Protein chains: 2
Amino acid sequence: MPVAAKPKRRPAKNPAASPKPYHHGDLRRVLIEAALQLAGEGGAEAVSVREAARRAGVSPGAPFRHFPSRDALMTAVAGEAQQRFRAEISAALAEVPDSDPLARFRALGLAYLRWAMRNPAHFEIISSGRYFVHDKAADLSRDNAELIGLVERTLADAFALGQLRSGDLKRVQIAGRALVYGFARMNIDGHFPRWGIAEDEAGATAEAILDLFIEGIARRPNG
Amino acid sequence: MPVAAKPKRRPAKNPAASPKPYHHGDLRRVLIEAALQLAGEGGAEAVSVREAARRAGVSPGAPFRHFPSRDALMTAVAGEAQQRFRAEISAALAEVPDSDPLARFRALGLAYLRWAMRNPAHFEIISSGRYFVHDKAADLSRDNAELIGLVERTLADAFALGQLRSGDLKRVQIAGRALVYGFARMNIDGHFPRWGIAEDEAGATAEAILDLFIEGIARRPNG
DNA sequence: AATCTTTGTATGCGGTGCTTACATTCACGA
DNA sequence: TCGTGAATGTAAGCACCGCATACAAAGATT
């Protein structure tokens, strides 16, 4: 199949050549982007190597030059998604002063929930542990450990300032994590209709349960 | 392929005939059982129609006489699993008197968590909303609605007896659900190693966070 | 300019869910 | 009692998937 008028390829790598060149340019990046898009459209399960290749305009085997397996692609996708997730959390934390750790804790939880509500499929890829092997993704694990450490310090600060009722911080942290993770997953897994929570109510409900939790762990002046 | 000595089939339906008869007997039941077993071994995703058929000693197309799709099979599997789930909860509730609704609430949460810890794959099939369409499974939905109603009444009773701090029962209920669901899913999704929770600690941790939550919503005599 | 490495294509294997056409057995009614 | 139709199995094949191998094209290096 002779390609129409092979354009002799300019020496410098100028990607403006109209008939698509043999080499893609940055296929790796494009594949990750396509996978993110696929996930956003049809859920995390809808991501397939072949379809990502199709969208990149490339043969079904090409992606395997960049990712040895589907899981490897998903790991890269998870890395990109987690980066965005962390960025949102950092932005939210930047608006709350260090002097009020409990407020920071709340802001963190809120940012977590908001991002998870808006990017359910991406959140699932990051957290479900079904799309890549966490042990192999050192960056992701380290990043996640940092987040855990941040929460730990925040809670410790809050307790030191007398904002918390109980000193069992690990228990508080795990419970808090379970709460937000559970709410995020209830959204992903389609539980909200069964609970009479409309789509536009999800944000308010998220805030409500987070506040309930915080009221539960906070020191209260009177009964 | 002449089957060895076709045994003339006794008139009455006696399944003791050793060379396997053309008709299976109760393929539907056996397929559900095989699927439950497959899920228990390799997670919910490991369930395939072909493998279930293989284990039932039947051709790959045979299951489709009983289930129009894989999802239909999974719906039946979910029905069976949910029945067992509800049985465990009912058993736990039977041991706590009606006079202490908050204790009943706790027992319910504990039974929920225990079953989810012991049957992660089955729990996932029931609750993930990825293996069957909930709208089509009227029995499951009704059953689930009953459970929600039970929790609602329990909380209302607790509030009436002055056991609760807040009267916003819907919020309490959703938060409680998110908590236990999140913890159960953290187990399924492999989050516990990252949180330093060993397998034999999961039960104790589950109890701990449930108690933290209950302490948070309970009326306390002194600050 | 020649060669090596990278990155694409072509092709094919085994797995999956699902469909259609056909075979066998059961159950019911004349 | 015996046909006949309904129920339930098999066989074969489709499209899709992840993935491996062999080959071709383009860049990079010397």
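To find a chain, count down the sequence lines: A is the first, B the second, and so on, and within it residues start at 1. Source: prediction; values computed, not measured.
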task: Give the rounded distance in Å between these two atoms: CG of B/D26 and C1' of D/dA7.
output: 14 Å
- prompt: C/dC26 C1' sits how many Å from B/R65 CZ, rounded?
  reply: 15 Å
Option among A/F105, A/Y181, A/F183, A/F123 that satisfies the ring-ring contact (aromatic ring centres under 6.0 Å, His included) test with A/Y112: A/F123
task: Give the rounded distance in Å between these two atoms: CZ of B/R28 and P of D/dA7.
output: 15 Å
message: One character per nucleotide, please: for nucleotides 12-20 of chain D, 5' to 3', B when the base has a protein heavy atom closer than 4.0 Å, S when only the sugar-phosphate does, - otherwise.
response: -----BBB-
task: Measure the distance from CG on B/L27 to C1' on C/dT25 and round it to the nearest whole Å.
output: 15 Å
message: Please report the interatomic distance CD(B/E80) to NE2(B/H122), rounded to the nearest 0.5 Å.
response: 9.5 Å
field: For atom CZ of B/F67 and atom C1' of D/dG9, their distance in whole Å
entry: 15 Å
- request: Step through the shown structure and confirm whether more than 12 heavy atoms of other residues, nucleotides or ligands are within 6.0 Å of CD on B/E41.
  value: yes
- prompt: With distance as the sole test, does A/R104 use its side chain to make a donor-acceptor pair with the main-chain N or O of A/L93 at under 3.5 Å?
  reply: yes
field: Phosphate-side-chain proximity, A/H66 and C/dG8, N/O vs OP1/OP2 below 4.0 Å
entry: yes
query: Less than 4.0 Å between a side-chain N and a carboxylate O, is that true for A/E124 and A/R185?
result: yes
- prompt: Testing A/V151, A/L150, A/N144 for side chain to side chain contact (heavy atoms under 4.5 Å, CB included) with A/I148, which one passes?
  reply: A/N144
